[in-house]
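See structure below.
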Amino acid sequence: MWFFRSPEIVFGEDSLSYLSTLDLKRVVIVTDRYLKESKVISMVKNSLPASAQIVVVGDVPAEPSFDDMLPSLENVRNFSPDWFIAVGGGSSIDTAKILFALYERPDLSVYDITPIVKLNLRKKSRLIAIPTTSGTGSECSWAAVVSERGEKRKNELASKEILPDIAILDPKMVIDLPEEQTRNTATDAIVHAIESYVSSWRNPYSDALAEKAIELITGNLPSVLIKADNIKAREQVHIGASMAGLSFSNSQIGLAHALGHAFGALFKIPHGKSVGIFLPSVVRFNYPYCSDRYDRLNAIFPEDIREKKLDLTLENFLNKIGQPLKIHQMGIDEKNYSNQVETIVELASESTGITTNPRDANREDIRNIAMSVVNLSK
Ligand SMILES: [Fe+2]
């Protein structure tokens, strides 16, 4: 027996106006300090029913720890909302999931948010996610990442009950996303689709979503990077990224995420960049175990960048969109990186991403992939 879980998804231009049709009385908007005073928050507020009372929790830092969330949780409890609206990237949406769960259940701790604990949420409120990046998939997932203050480690919390009730994918919310973030978050989405497609938990639903996600993202991302306000292309990438999120949320990720989480945490590298850099080597490593699947995905990439095998196509594509394939292109000293490879190997070996990778990877395999991004052809 298997399940497919998804929020209600509202998408396309002006989908934000869907908010005006909902019975929203007391709304907490969860966002970050950069977006707090931005156009996107004004657009969300203006789309709410006129009678709605609103509190903005606007101090979510990048990669928040639970301690960072405590003052906001107090504000939320004092306000007693009937809806949470997360507006932002993965950090804001993940924070909203946790605030929502702990507002519903003040008796629980953040570490009770696991797949095996019945949380019994939605007695007081519900959750809407409005992503302002096209990539994390958090609006469609039942996971939330929380950093441990003062530590390099990240906790991956998960419960089907923190899956948002509604995801709104309005391309106007991503039209002003800077080029670098557009590239990084879309790369993350490509990695989600590819890892999901070969995960040992893959299923017909996640397969179909991953295939379409690759088509939409790779077919439209180059146009977005040339002309940022190409709303139609933005819309397709936004939908594709969400499909990739829905795909991996219902199947799981793999070795590129295991390595990328470790590398990203150690060197403070944006998530998309840190998982993207390992993807071609992970595909090469996995290839003998899922060649038919990789070949099928390879055929979906645009003809002008497609090579005979997926690893080479990915190198071509990532190169074309300006994504680094070696660590020196990120300005990281290779000696410093090599000195920390054992920590990356250790953290990656403990990551949940490794358990659903199509090929078992031992420490030596992981080390080889980690070292494959050290430049050998400078
Ligand atoms: Fe990711």
Side-chain angles (χ1 to χ4, degrees), residues 62-64 86 88-95 97 129 131-147 153-158 162-164 167 174 177 180-199 201-202 206 209-210 213-214 216-218 221 237-238 240-283 286 297 314 317-318 321 323-324 344 347-348 351-357 369 373:
E63 301 178 353
S91 296
S92 294
I93 298 175
D94 287 0
T95 299
K97 289 173 180 173
T132 59
T133 64
S134 304
T136 71
S138 182
E139 72 279 5
C140 287
S141 90
W142 44 285
V145 178
V146 188
S147 298
R153 200 175 299 272
K154 290 180 180 179
N155 292 302
E156 296 161 9
L157 309 176
I162 61 170
L163 178 76
V174 288
L177 188 66
E180 177 69 358
Q181 272 174 280
T182 301
R183 182 175 20 248
N184 287 342
T185 50
T187 300
D188 184 27
I190 289 168
V191 184
H192 292 158
I194 291 175
E195 298 218 287
S196 162
Y197 199 68
V198 296
S199 154
W201 289 9
R202 66 183 182 249
S206 63
L209 286 159
I214 290 293
L216 293 180
I217 299 167
T218 61
L221 181 62
V237 172
H238 207 36
S242 166
M243 285 180 159
L246 211 43
S247 179
F248 90 83
S249 182
N250 284 281
S251 62
Q252 283 309 304
I253 43 177
L255 199 42
H257 268 82
L259 278 154
H261 278 157
F263 170 52
L266 273 177
F267 287 88
K268 300 269 171 248
I269 302 293
H271 177 69
K273 248 191 177 73
S274 66
V275 292
I277 196 166
F278 296 113
L279 186 64
S281 300
V282 169
V283 167
N286 288 340
L297 280 188
L314 285 168
F317 186 76
L318 293 173
I321 65 168
Q323 200 63 288
I344 293 176
L347 290 171
S351 167
T352 49
I354 207 158
T355 54
T356 46
N357 194 65
I369 296 169
V373 298

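Counting convention: from 1, in listed order, for ligands and their atoms alike. Below, all heavy atoms of this structure are taken into account, side chains as well, without hydrogens, waters or symmetry copies. For reference, positions follow the sequence shown, starting with 1.
Between E180 and K273 there is a salt bridge, since a side-chain N of the basic residue sits under 4.0 Å from a carboxylate O of the acidic one.
Shown here are the side-chain hydrogen bond (donor to acceptor under 3.5 Å, both in side chains) partners of T355, two or more places apart in sequence or in another chain: there are none. Every residue two or more places apart in sequence or in another chain that forms a side-chain hydrogen bond (donor to acceptor under 3.5 Å, both in side chains) with S251 is listed here: S196.
Excluding waters, the protein N/O/S atoms found under 2.8 Å from the Fe ion (ligand 1) are D188 OD1, H192 NE2, H257 NE2, H271 NE2.
Within the structure, the salt bridge (charged side-chain N to carboxylate O under 4.0 Å, His left out) test picks out no pair touching residues 251-264 (sequence neighbours left out).
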ask   = Stepwise, does the side-chain hydrogen bond (donor to acceptor under 3.5 Å, both in side chains) test hold for S134 with H238?
value = CA-CA 5 Å; S134 304; H238 207 36; 2.8 Å; yes

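In this structure a side-chain-to-backbone donor-acceptor pair under 3.5 Å is missing from T185 to G135.
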